[in-house]
2 protein chains.
Amino acid sequence: MTHPAPSRRHAIAEDLRNQISTGHLKPGERLPSEAQLATRYEVSTPTLRNALALLQSEGLVEKIHGSGNFIRHPLRRFTYVGGGNTPAVQPAPDGALSVTVSTTNLRAQGHLAALLKVTPSSPLTEFLHLRHEGKTPHSLARVYIPRDLAPAADAAASLSSPRPSLAEVQEKVSARLPTPEEATALRISQSLAVLAITRVVTDINGRVVEAALLVLPGDRADALFTARHTPEEGNSNE
Amino acid sequence: MTHPAPSRRHAIAEDLRNQISTGHLKPGERLPSEAQLATRYEVSTPTLRNALALLQSEGLVEKIHGSGNFIRHPLRRFTYVGGGNTPAVQPAPDGALSVTVSTTNLRAQGHLAALLKVTPSSPLTEFLHLRHEGKTPHSLARVYIPRDLAPAADAAASLSSPRPSLAEVQEKVSARLPTPEEATALRISQSLAVLAITRVVTDINGRVVEAALLVLPGDRADALFTARHTPEEGNSNE
DNA sequence: GAGTGGTCTAGACCACGAG
DNA sequence: TCGTGGTCTAGACCACTCA
């Protein structure tokens, strides 16, 4: 309990963290190769890679296959804003922010049918979003909408039309490792955890208007939720 | 892009997932030892462990050091409810739910001072919560409150008193690997990602009343956020 | 093609849990 | 004490990036 395993990788991570915060390593800079770092710290390559995995999960280091490990620009963190405004349309920090969308028609199956509260095999439309800023992907979204509510075919501008008063947005966040497909789509390592958000938007009549499965890369994404309280409601903080 | 690396570990994880969903492996059951599984699947122990890490991050498998890998009871998932009601006081599924609290007085430093919007070295009280259900920890929380707002000394029942109308609860969720201390406190592996939530509670006057750093084990915790919309506000879903 | 990270192997040794 | 998982080693080989 007192010193919970010295653990080589954390020692190395600590050392690199210090070098970053003291400015010995600057944002954008490239680290020596993993082989060089391994010999420098006198560890094997797997352990050195584990150390980098720690820094990567904190957003301090970015690994780029084939070219090296880089100190991340600390500001460049993407924030998903919860509460109904889909994938965070934000100030957009000058970098070209683009979205790739593809549309598919399909029929509800077990898990999806339950989420949308529809009977199995009822028709749905799936929107597959891949959000880029420049060439780094920011989020992967699978959005499912009952066919009769889905906008014609052009997806980009259509959903902006006001909907029949949606009443509730519920978002469940969890952390897990990505599937191989998600990892390649988001261009992250398969050992880097993602934020997985399941969003269910409910109508004022209780009908589920949309269900979405969002995946955000854990090294460069946060999810932000804001709740405002009108002073009337009894609030018990433990 | 077509088949993103067959990758042994995902194949093994897939096989075990199927055995779980088809009922060949039942909740509570113990898996063969990692050495046995490794020879069965004809892989080395590290790769087999990587396969189990996948299932662990999905909450399907629980690793217990020294005794084995077990199929998780799928229902047993802990849900943190965001929006102001602190660490999810819930139905409490019969299992004894206990909280360990320790209180410390300290002074604000850089990061903390910024979060609380107080001047550095201004007095704070820290509450360190460790939430158990039975003997499995559910969450680790470090709660910081300006000294003059902190309740006397007894922390357990005190905070229930109505506060001067808090106006906003902001919660930022990210995924990262745990520190060694967090890992031992939550009894999870150091390679399992946690949900890290930074919660800032603001007064109706704009004063920060509380800042909290919450850590939830990624294998058995979700965070749930619900937003209700009064139909008046213009809502643009992209 | 040279250099990089990504995956995997086949072990060794330590730390923990239960009898 | 014995069997378990946790950490680490010292390599091999493949996949990607860039000149």
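Each chain gets a letter, A, B and so on, in the order its sequence line appears, and its residues count up from 1.
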[N] [atom2] sits how many Å from [X] [atom1], rounded?
| X | N | atom1 | atom2 | value |
| --- | --- | --- | --- | --- |
| A:Q36 | C:dT4 | CD | P | 6 Å |
| B:E62 | D:dG6 | CD | P | 11 Å |
| B:R8 | D:dC14 | CZ | C1' | 13 Å |
| A:R49 | C:dC8 | CZ | C1' | 11 Å |
| B:R187 | C:dA15 | CZ | C1' | 13 Å |
| A:R30 | D:dT17 | CZ | P | 15 Å |
| B:L37 | D:dG3 | CG | C1' | 15 Å |
| B:N69 | D:dG6 | CG | C1' | 12 Å |

request  = Check every strand shown and say whether A:N50 touches a base, only sugar-phosphate, or nothing at a heavy-atom separation below 4.0 Å.
outcome  =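 Nothing, no nucleic acid heavy atom in range.
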
query = Hey, which of these two, B:S191 or B:G66, hits DNA chain D nearer its 5' end, going by closest nucleotide?
reply = B:G66

task = Please figure out whether A:I64 or A:L48 has its closest DNA chain D nucleotide nearer the 5' end.
result = A:L48

Where the side chain of [X] is defined as all heavy atoms beyond and including C-beta, which of [options] is the nearest nucleotide?
| X | options | answer |
| --- | --- | --- |
| A:H65 | D:dA10, C:dG17, D:dC16 | D:dC16 |
| B:S33 | D:dT4, D:dA10, C:dT7 | D:dT4 |
| B:T45 | C:dC8, C:dG11, C:dG5 | C:dG11 |

request  = Please examine the side chains of B:T104 and B:L128, heavy atoms only from C-beta on, and report whether any two atoms are closer than 4.5 Å.
outcome  = no

request  = Find out whether A:E29 and A:H24 are in side-chain contact, i.e. whether some heavy atom of one side chain is under 4.5 Å from a heavy atom of the other.
outcome  =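 With C-beta onward as the side chain, the pair stays apart.
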
Considering just the side-chain nitrogens and oxygens of [X], establish if one lies under 4.0 Å of OP1 or OP2 belonging to [N].
| X | N | value |
| --- | --- | --- |
| A:T47 | D:dT9 | yes |
| B:S44 | C:dT9 | yes |
| B:R9 | C:dT7 | yes |

So, the side chain of [X] versus the backbone of [Y]: is there a donor-acceptor pair under 3.5 Å, distance only?
| X | Y | result |
| --- | --- | --- |
| B:R8 | B:S44 | no |
| A:T184 | A:P180 | yes |
| A:E42 | A:T39 | no |

